Amino acid sequence: MVKKNACVFISGYGSNLKSLIDNSRKENFPVNISLVVSNNINAKGLLHAKKNCIPYLIVNTKKRNFENSILKMIKKHKIVLICLAGYMKIISKNFLNKYRKKIINIHPSLLPKYKGLNTYERVIKNNEKKTGCTVHFVNEKLDSGKLIVQKSFFIKKKDKTDVLKIKTQKLEKRAFPEAIIKIYRYS
Ligand code: GRF
């Protein structure tokens, strides 16, 4: 199988990046992680790129044209899929237009419920029975593109936000690779 080149955008811890790198080592996984982009120079996740000798780019989002340097690197590394894994920046319209249907995001709720931040707190506050995570295509509206994979679990009465986070992030490590496999299933 000839693997396609994927890029992962991060801002922080990078546990999803680590899981995608691990999955990419499997023979039948459709992509290699060929580039990591971070908007945060102190992102812990950058260590996974360094450890695995994956090229990485740190961007300064205060600079007006910072996305141009990303686009350049993406072209250079022949990236065909962009995975947003805890990337805390909005992708511009211009960027989206260039990579439409090629950017996916993981979100810690059962979209369309609980778009945006502080999902765990809001889920608990609303006494939801279930929660989980969603992998979806990115469009110009926040957390609103077409769903690819969703995984859920039942919330126990004693579960607090920290427990929801642990359980959700565990599911994310299955959902993200599954979504990528699904995208390339028939190609
Ligand atoms: C994940 O929970 C993801 O759903 C959210 O940000 C978190 C990133 O975690 N968008 P990590 O950096 O991959 O550990």
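Each residue takes its place number in the sequence, starting with 1. The structure displayed is predicted, hence computed values, not measured ones.
Atoms CG and CG, from Asn60 and Asn40 in turn, are 11.0 Å apart once rounded to the nearest 0.5 Å. Rounding to the nearest 0.5 angstrom, the gap separating the NZ atom in Lys113 from the NE2 atom in His107 is 12.5 Å. Once rounded to the nearest 0.5 Å, the distance linking CD1 of Ile91 with CD1 of Ile82 reads 7.0 Å. Rounding to the nearest 0.5 Å gives a distance of 5.0 Å between CG of Asn16 and CD of Glu172. Atom-to-atom distance recorded for Phe137:CZ and Ile183:CD1 is 4.0 Å, nearest 0.5 angstrom.
A donor-acceptor contact shorter than 3.5 Å is absent between the side chain of Ser19 and the backbone of Leu17. Under a 3.5 Å cut-off, the side chain of Asp159 and the backbone N or O of Ile155 do not form any donor-acceptor pair. Judged by distance alone, the side chain of Thr168 and the main-chain N or O of Cys133 form no donor-acceptor pair under 3.5 Å.
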*Using the side chain to side chain contact (heavy atoms under 4.5 Å, CB included) rule, take Phe153 and Leu164 through it: C-alpha gap first, then chi angles, then the decisive distance, then the call.*
CA-CA 9 Å; Phe153 63 92; Leu164 289 198; 3.9 Å; yes
*Apply side chain to side chain donor-acceptor pair (under 3.5 Å) to the pair Asn126 and Tyr114, showing each step before the final yes or no.*
CA-CA 11 Å; Asn126 287 343; Tyr114 305 106; 2.9 Å; yes
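In this structure, Tyr99 places its OH atom where more than 12 heavy-atom neighbours from other residues, nucleotides or ligands lie under 6.0 Å away. The environment of Phe66 atom CZ is dense: over 12 non-hydrogen atoms of other residues, nucleotides or ligands sit within 6.0 angstrom. Residue Lys167 places its NZ atom among more than 12 non-hydrogen atoms of other residues, nucleotides or ligands, all under 6.0 Å distant. Counting non-hydrogen atoms of neighbouring residues, nucleotides and ligands closer than 6.0 angstrom, the NZ atom of Lys102 reaches no more than 12 such neighbours.
When all heavy atoms of Ala43 and Ser38 are compared, the closest pair comes out as CB-OG, 3.5 Å. Closest approach of Cys7 and Phe9 over heavy atoms only: SG-CE1, 3.4 Å. Residues Met1 and Phe29 approach most closely at SD-O, 3.6 Å, considering heavy atoms. The minimum heavy-atom distance linking Ile148 with His136 is given by the pair CD1-C, 3.8 Å. Residues Ile79 and Ser34 approach most closely at CD1-CB, 4.0 Å, considering heavy atoms. The shortest non-hydrogen separation linking Leu110 to Gly132 is CG-N, 3.6 Å.
With no hydrogens or angles considered, no side-chain donor-acceptor pair links Tyr120 and Asp162 at under 3.5 Å. A donor-acceptor contact closer than 3.5 angstrom is absent between the side chains of Arg174 and Asn23. The closest side-chain donor-acceptor pair between Glu121 and Thr161, if any, does not fall under 3.5 angstrom. Lys173 and Ser15 form a side-chain donor-acceptor contact under 3.5 Å, judged by distance and modelled atom types alone. Judged by distance alone, the side chains of Asn94 and Lys98 do bring a donor and an acceptor atom under 3.5 Å apart.
Note on Lys151 versus Glu178: salt bridge recorded, some NZ/NE/NH1/NH2 to OD/OE distance being below 4.0 Å.
Screening Ile21, Asn32, Leu46 against Ile54 for a side chain to side chain contact (heavy atoms under 4.5 Å, CB included) leaves a single residue, Ile21.
Between Ile104 and Leu84 there is no side-chain heavy-atom pair separated by less than 4.5 Å.
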